[in-house]
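Remarks on the structure that follows.
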There are 2 protein chains.
Amino acid sequence: MTDSPGGTGTGPAAPRRRGRPPRASVDTGPGTRERILAAARAEFSDRGYDKTSMRGIAKAAGVDAALVHHYFGTKDEVFAAAVEVDFEPALTLSAVLGHDLDGVGERLARYFLSVWENPATRTPLIAVIRSALTHEAAAKVLRGFVLRRLLERVAADLKVPDPRFRAELAASHMIGIAIMRYVLEVEPLASADPESIVELVAPTLQRYLTEA
Amino acid sequence: MTDSPGGTGTGPAAPRRRGRPPRASVDTGPGTRERILAAARAEFSDRGYDKTSMRGIAKAAGVDAALVHHYFGTKDEVFAAAVEVDFEPALTLSAVLGHDLDGVGERLARYFLSVWENPATRTPLIAVIRSALTHEAAAKVLRGFVLRRLLERVAADLKVPDPRFRAELAASHMIGIAIMRYVLEVEPLASADPESIVELVAPTLQRYLTEA
DNA sequence: GTCTATATCGTGATAGAC
DNA sequence: GTCTATCACGATATAGAC
């Protein structure tokens with residue numbers, strides 16, 4: 001059984017490579033992979049998971065559709081790679097929660113807006129939120145990563161009854177703002193000065209997170 | 001012209017109704033049309049616009065797919081008919097905003113939760129929200145109807161600077177709560193007692209809508 | 001490594017039999 | 001009124017030529 005390349009010579013004995021790793025490992029192309037990822041992020045962010053097609057990603061990246069499959073495999077894997085945001089929130093969150101809880105509302109509001117005002121971090125976040133309401137994989141990302149890890153971290157430092165509940169109320173407000181301002185782009189919220197939002201929202205967060 | 005039922009007696013003279021309107025007015029079926037609408041609401045609510053198919057609606061309603069087309073025409077029309085909520089918000093809103101702005105935060109929070117706790121009103125709302133982030137027609141419904149008409153009505157009564165902005169901040173919080181509690185079903189928010197939510201959220205709304 | 005060609009499926013919508 | 005049959009289209013994914 002199992003042809004060894006040499007064999008007896010009876011057939012053409014096309015030497016079928018045996019040990020070749022299944023997925024392209026060398027990655028010679030210049031920035032092809034990165035271009036595809038950037039295009040995927042933009043597409044998922046603009047259209048959400050379902051309405052984004054592999055063809056559309058490929059066209060936006062200027063490559064062939066089969067290449068996307070070649071690099072990432074299935075569509076779900078493209079999505080996962082596209083929204084995988086590398087910033088480590090634990091670090092920055094420590095600075096936000098910081099030493100005491102005085103002024104945590106304002107620091108949190110400002111941190112939240114800074115993340116969303118920066119296009120590099122905003123794009124994958126919009127992609128996740130847009131897709132989370134209709135696609136289960138995206139919902140898992142939102143629930144598991146953003147909410148679980150962030151909320152647990154925040155709730156751990158609170159000194160109020162039902163800290164998890166308080167943290168979720170704060171999060172619900174920020175998610176609502178993100179949707180209306182960055183996804184739905186409802187005016188005048190969409191064009192409002194970030195500082196004017198901080199000014200009004202900070203006391204709310206402060207109350208949820210600290211006031212008994 | 002036009003046969004009178006008695007006639008001359010030549011035929012069996014089955015008395016054909018004369019004024020019969022073109023589209024099934026009598027609705028002979030038990031509640032076929034209503035069953036389709038209910039199934040459509042459920043499907044749109046569970047899956048969002050894009051992932052809901054005419055075939056799926058038909059199967060859930062126990063009818064043929066072509067019937068859905070026959071009754072409603074296009075998929076967009078089915079959606080429009082399914083989410084068209086008949087409650088007149090202007091009336092109830094008047095009671096919420098009421099005479100003075102004292103306690104408007106609590107009345108608004110309680111009204112908001114009562115609408116979402118009632119399955120009859122919740123289902124089409126979830127359908128709209130689920131679809132709004134990916135489907136333009138649904139976004140139009142949310143933007144134009146819910147936000148425009150409700151927000152304008154609320155903002156008109158406020159006595160603060162930037163009333164529209166204030167009303168949107170309040171709305172963003174309620175939308176965020178609706179998404180986390182009813183769509184994503186994040187715990188413990190999803191199972192929390194409505195009154196405990198009112199208790200914490202009411203002061204926030206009150207401040208946004210009244211405090212200078 | 002890159003792309004052409006294609007297999008397979010599900011979609012919305014329509015025409016027409018009964 | 002209800003359903004069968006079908007069209008035209010776009011989707012994911014794969015096989016294989018160069």
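Residue numbering restarts at 1 for every chain, and letters A, B, ... go by the order of the sequence lines.
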Does Phe79(B) have any ring pair (Phe, Tyr, Trp, His ring centres under 6.0 Å) partners at least two apart in sequence or in another chain, and if so, which? Phe44(B), Tyr49(B)
Atom CZ of Phe72(A) to atom P of dA13(D): distance rounded to whole Å? 14 Å
List the steps, then state whether side-chain contact (heavy atoms from CB on, under 4.5 Å) holds for Lys51(B) with Asp50(A). CA-CA 8 Å; Lys51(B) 292 187 112 137; Asp50(A) 306 293; 3.2 Å; yes
Could you go through the salt bridge (charged side-chain N to carboxylate O under 4.0 Å, His left out) check for Glu136(A) and Arg143(A) one step at a time? CA-CA 10 Å; Glu136(A) 187 50 33; Arg143(A) 242 186 307 237; 3.2 Å; yes
Using only side-chain N and O atoms of Tyr71(A), determine if any of them is under 4.0 Å from OP1 or OP2 of dG1(C). no
Less than 3.5 Å apart, any donor N or O on the side chain of Thr204(B) or Arg207(A) sitting next to an acceptor on the other? yes
Within the structure provided, determine whether Leu200(A) and Arg166(B) are in side-chain contact (heavy-atom separation under 4.5 Å). yes
Just jot down the salt bridge (charged side-chain N to carboxylate O under 4.0 Å, His left out) partners of Lys140(A), sequence neighbours excluded, or say none. none
Pair Arg181(B) + Glu185(B): basic N to acidic O under 4.0 Å: no
Output all residues satisfying ring pair (Phe, Tyr, Trp, His ring centres under 6.0 Å) with Tyr182(B), sequence neighbours left out; order by chain, then residue number. Trp116(B)
Take the C1' atoms of the five end pairs on each side of the helix from dG1(C)-dC18(D) to dC18(C)-dG1(D), get both axes, and report the angle to 10 degrees. 10°
Can Glu168(B) and Ser172(B) be counted as having a side-chain donor-acceptor contact under 3.5 angstrom? no
Flag the pair Phe112(B) / His173(B) as yes when their ring centroid distance falls below 6.0 Å, and as no otherwise. no
Can you tell me how far C1' of dG1(D) sits from CZ of Arg35(B), to the nearest Å? 14 Å
What one-letter contact string describes nucleotides 4-18 of chain C from 5' to 3', where B marks a base within less than 4.0 Å of any protein heavy atom, S marks contact via sugar-phosphate atoms alone, and - marks no contact? B------BBBB----
Output the rounded distance in Å from CD1 (Ile36(A)) to P (dG1(C)). 14 Å
Go through residues 128-136 of chain B and report each residue with a non-hydrogen atom lying under 4.0 Å from DNA chain C, sorted by number. none
Between Lys59(A) (NZ) and dG10(D) (C1'), how many Å, whole number? 12 Å
Nucleotide dT4(D), atom C1' - distance to NE2 of His70(B) in whole Å: 15 Å
Does the distance from a Lys or Arg side-chain N to an Asp or Glu carboxylate O, for Arg110(B) and Glu195(B), drop under 4.0 Å? yes
